[in-house]
Amino acid sequence: MRTDKEKPVSPSEIIAKSPQIDKVGVEERVARFQTRSIKNESKMQGLKMALSMIDLTTLEGKDTPGKVMQMCYKAAHLHDQFPDLPTVAAVCVYPSMVKIAHEALIGSNIQIASVATAFPSGQSTLEIKLNDTKFAVDQGATEIDMVISRGKFLSGEYNFVFDEICAVKEACGKARLKVILETGELVTLENVRKASDLAIHAGADFIKTSTGKIQPAATMQITYVMLMAIKDHFNATGKMVGMKPAGGISTAKLALHNLVMVNEILGPKWLDNQWFRFGASSLANDILMQILKTDTGLYQSADYFTID
Amino acid sequence: MKSKKTESSTSWLYSPSPESTAHISLRESYDLYINGKWEKPISGKYFDSINPANEKHLAKIAHADQADIDKAVKAARKAYDTAWSKLSGSERAKYIYRIARIMQERARELAVIESLDGGKPIRESRDIDIPLACNHFFYYAGWADKLEYAFPTRKVEALGVAGQIIPWNFPLLMAAWKIAPALATGNTVVLKPAETTSLTALKLAEIIHDAGLPPGVVNIVTGFGDTGAAIVNHPDINKIAFTGSTNVGKIIQKAIAGTSKKATLELGGKSANIIFDDAPIDQAVEGIVNGIFFNQGHVCCAGSRLYVQESVAEKVIQKLKDRIQTLYVGDPLDKNTDIGAINSKEQLQTIDKYIKIGIKEGAEIYQPACNLPKKGFYCPPTLFTNVAQSNLIVQEEIFGPVLTVQTFRTVDEVIQKANNTPFGLAAGVWTDKGSRIFNLTTKLRAGVVWANTYNKFDPSSPFGGYKESGFGREGGVHGLSAYVKLS
């Protein structure tokens, strides 16, 4: 049974409905989130929430089973000296490392995310991308982080981009799909919004800013524009889509600013690692440092936090 | 395998984050600052200043009457004749720069007192009011020795003694708008702040004193309407500068008719904020919120009449309602407060009166659910839809967080409707088309027209009204001309 709102729309219709965006206005709005003062209990709550939303990530050419296993242990044991800390939400690795991560995380609640579709450039054939995706899922990935074809998007081939996302979504099966827009290559906020709308309509479970390989990555302005796309879609259809800023969020303060923004745009329903994630490698330790500081009143040096 | 839920999935409320008041110093009672000294009022009368956020007593303030004003004007005249008019522009500039710098040094204290006394959120007094007030002094200090360049080929002379009466919505900022250009052009000043918000003007008197200005150059006298009337009617004042209500503006104009007093009046407004269907909608919604809810709507140029093109009206109104729901209304000193306290009980009664009128007129009201503090004067952000030009709430200035929303179909229609008001202070235009912006700026009869933004102020930008919104401009080079005689 389909309601009128759900009737299929073409990619060009989707793009045509994407709103105009004024960069200066977006900057002003984002600055307001950054002036929110998060203190005491709400700060502790926010910090723990941020920890639980991290996709602990290693995406390097030099990744080895040893490195991935160590990171997986860290994911489940962030700082055992401090009681009642959550684990991170997921680890994020290349497809070749999924099996290692899967074995290392047996018995935990931590998800296994894998980048697929010829990450990070996406410059390959659909067939290879689909095989890449299926391989990662077969190996035990519960979440797939795909990249869109930015070249096709910038040359106006929206149908191509849309169809590719649909195909990868199908290949994911039960795994949740995060669609990486690589906003640093889309450049304008209008493009970010259009790509967000395309990805959401094509079936993305999450939309994600960046691969982490291109700067600028997850700026507050870009995340804001993507959150507004999620909000508009929710208001129109009632369907929730998740958000994952990735790349460049390395401090607890910036993470809290992002959570303030999610809280005030999308509301508390999204303050959950089912719907919001941080893609980050060094964020966790900065948050841990803040949590311990809030508890003891003292900043420990970096040597007191493990670096797996 | 489902990931662990955190306790946070229900709600995340921000803990109170009040700005400290430990660092401010307020006296128990304030006298009149006349001739460089703190003078008791001749009548011996004082009135109470309270914090509108909790109705607690802050200080006693002297109530000046005609005899006190006479003293102040005499001091200002003497200072003009013997000291201030004898100084070169660059010497005057040194004093004005000094005021600006001391204000910057005490910015934090000024911001807290502004919020305590007037009810505005600390975020606004800290980030907008106080920095802008400092900038006005810096800006006009720069002009003091360059007046011949501001008015090339003309001879520039000061007017003499300026009587200045300012409102309660931006107490320190309005004092800066008035005092800075007057001093830069070589005039001396008798300034009266509004009775509900005297404190930062009195702190400014302390700063002016510390800056070492010659006695009598700036005199700060406090009191009510009768005090203001004594200034307006004093025969030895050369210039009246007033910011406030249109009613009082009319009284002032009658009072000075036939005298040689020059005047600038910055009065009320009912400004139009116009949203076209090609506008960046989400940013426009922010602009609507900033246009009407900035400073609880106590802004003469508030965008209180919203016009939305019909094809996007439903979407804009829905987004606006959603956005208003996320505004924090409450303690002005909390750093997270978006909307603070209404300035006074009287003003709250006025706003409530208009809200009742709106409901009675059949307009559809929307107010978000918010827990207002039990003590103090608060009003939730309020929308009225289903209104027409003929509704009283669309015609009259409410001076509170109340927005009327009308729809329009064509450009010509909205220009007509925007201009269909006795006021003409400001307007906002939201569209992606540059040509449309220029078309509207030439056709809207308003002193300021903002494009794709609202409520932006800068010392170098002139501000003032058309029609019943007053005459004369403050800010920029234009602001100098209000205080000089050219020949």
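Naming convention: chains lettered A, B, ... in sequence-line order (proteins, then strands); numbering from 1 in each chain.
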Relative to chain B, which segment of A:E190 carries a heavy atom at a distance below 4.5 Å: side chain, backbone, both, or neither? neither
Close contacts, residues 220-228 of chain A versus chain B, judged by heavy atoms under 4.5 Å: A:Y224, A:M228
Given a strict heavy-atom distance threshold of 4.5 Å, which part of A:L256 is in contact with chain B: side chain, backbone, both, or neither? both
Measure distances from A:N263 to the heavy atoms of chain B and classify the residue's part below 4.5 Å as side chain, backbone, both or neither. side chain
Looking only at non-hydrogen atoms, find the nearest pair between B:Q283 and A:D22 and report the distance. OE1-N, 3.0 Å
Quick one: what part of A:R29 sits under 4.5 Å from any heavy atom of chain B, side chain, backbone, both or neither? side chain
Heavy-atom pairs under 4.5 Å with chain A are the metric here; pick the option from B:D127, B:I281, B:D278, B:D282 that has the most. B:D282
Testing the basics here: between B:T326 and A:R36, what is the closest heavy-atom pair and its distance to 0.1 Å? O-NH2, 4.3 Å
Chain B contact via A:V24 - which portion, at a heavy-atom distance below 4.5 Å: neither
Apply side chain to side chain donor-acceptor pair (under 3.5 Å) to A:D55 and list each qualifying residue two or more places apart in sequence or on a separate chain. A:K178, A:K244, A:R277
Contact part of A:R193 toward chain B, heavy-atom cut-off under 4.5 Å: side chain, backbone, both or neither? side chain
Counting heavy-atom pairs under 4.5 Å with chain A, which one of B:E286, B:Q318, B:K335 comes out on top? B:E286
Interface moiety of A:I265 toward chain B, non-hydrogen atoms closer than 4.5 Å: neither
